[in-house]
**Student:** 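Dumping the structure here so I can ask a few things about it.
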Amino acid sequence: MPEDPAPTDGSDPSRGVYGISVVSDLLGTGVQNLRAYERAGLLTPDRTAGGTRLYSPDDVARLRRVQRLLAEGLNLVGVGRVLDLEDNLADAHEQLDRARDPQAPTSSS
DNA sequence: TTTCTAACA
DNA sequence: TGTTAGTA
C-alpha cells in the first residue's frame, strides 16, 4: 500500500513524498522500472530510515521526461546524458539571470 | 516495501 | 537493451 499522503504544503517541490507505487501508477509503469531508472542513475529519490524510496514532485517531473525520451528512442544512458545537460542548462540560466539583474525577484520580495 | 533472477520483444 | 513477472 502507498505511503502517507504527507501533509506537504507544496513549499518544497524537491522534498515531496510519494511512495513508489503511487509514482508507478502516476506514470503508468511498474515499480521495477522506477528502480531500474534509479539504478541507471537517472534519478536518486530520497530514502526513509527503513530504506523505502520517497519520490519528490521534482522526481516525478524528471521521470516524465525519462519516459518521454525513452519513447523518442533513446536508451537509458542517452536519457541520463540529456537529463544531465538539461539540468546543467537550467542552472546556467539561473546564473545568467542573476548576473543580468542582481535584484531580480527570485520568487518573492 | 526491498532485492534478485529469469524470460521476452 | 529495456520491460515484465515471479520470488524470497
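Chain letters run A, B, ... following the sequence lines, proteins first, then strands; residues in each count from 1.
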**Student:** Between dT3(C) atom P and Leu74(A) atom CG, what is the distance in whole Å?
**Tutor:** 12 Å

**Student:** My understanding is that a pair needs two contacts under 3.5 Å, Watson-Crick or G-U wobble. By that rule, which nucleotide pairs with dT7(C)?
**Tutor:** none

**Student:** Counting heavy atoms from C-beta on, name the nucleotide in dT3(B), dT3(C), dT1(B) closest to the side chain of Asn33(A).
**Tutor:** dT3(C)

**Student:** Reckon Thr29(A) touches a base, only the sugar-phosphate, or nothing at all at heavy-atom distances under 4.0 Å?
**Tutor:** sugar-phosphate

**Student:** Could you check whether Asp97(A) pairs with Arg100(A) (Lys NZ or Arg NE/NH1/NH2 to Asp/Glu carboxylate O, under 4.0 Å)?
**Tutor:** yes

**Student:** Does a side-chain N or O from Thr52(A) land closer than 4.0 Å to OP1 or OP2 of dT2(B), or not?
**Tutor:** no

**Student:** Do Leu83(A) and Arg65(A) have side-chain heavy atoms sitting under 4.5 Å apart?
**Tutor:** yes

**Student:** Looking at Arg47(A) and Glu38(A), does any basic side-chain N land under 4.0 Å from a carboxylate oxygen?
**Tutor:** yes

**Student:** Go through the steps for Asp58(A) and Ser56(A) under the test side-chain hydrogen bond (donor to acceptor under 3.5 Å, both in side chains), then give the verdict.
**Tutor:** CA-CA 5 Å; Asp58(A) 214 24; Ser56(A) 69; 5.3 Å; no

**Student:** Is there, by distance only and without an angle test, a donor paired with an acceptor across the side chain of Gln32(A) and the base of dG6(C) below 3.5 Å?
**Tutor:** yes

**Student:** Whole angstroms only, please: what is the CG-P distance between Leu69(A) and dT1(C)?
**Tutor:** 18 Å

**Student:** Taking CG from Asp25(A) and P from dT1(B), how many angstroms apart are they, rounded to a whole number?
**Tutor:** 11 Å

**Student:** Send over the distance from Asn75(A) CG to dT3(C) P, rounded to a whole Å.
**Tutor:** 11 Å

**Student:** Between P on dT3(C) and CG on Leu27(A), what's the gap in Å once rounded to a whole number?
**Tutor:** 12 Å

**Student:** Taking atom P of dT1(C) as reference, at what distance in whole Å does atom OH of Tyr37(A) sit?
**Tutor:** 16 Å

**Student:** Can you tell me how far apart OH (Tyr37(A)) and CD (Gln67(A)) are? Round to the nearest 0.5 Å.
**Tutor:** 5.5 Å

**Student:** Kindly point out which of dT1(C), dT1(B), dT2(B) is positioned nearest to the side chain of Ser21(A)?
**Tutor:** dT1(B)

**Student:** Whole angstroms only, please: what is the CZ-P distance between Arg35(A) and dA5(C)?
**Tutor:** 14 Å

**Student:** For dT3(B), which nucleotide in any strand shown is its Watson-Crick or wobble partner with both distances under 3.5 Å?
**Tutor:** none

**Student:** Which is more 5' along DNA chain B, the nucleotide nearest Gly51(A) or the one nearest Arg39(A)? Just name the residue.
**Tutor:** Gly51(A)

**Student:** Does a side-chain N or O of Arg53(A) approach OP1 or OP2 of dT1(B) to a distance below 4.0 Å, or not?
**Tutor:** no

**Student:** Output the rounded distance in Å from OH (Tyr18(A)) to C1' (dT1(B)).
**Tutor:** 19 Å

**Student:** Assign Arg47(A) to base, sugar-phosphate, or nothing according to its heavy-atom contacts below 4.0 angstrom with the strands shown.
**Tutor:** sugar-phosphate

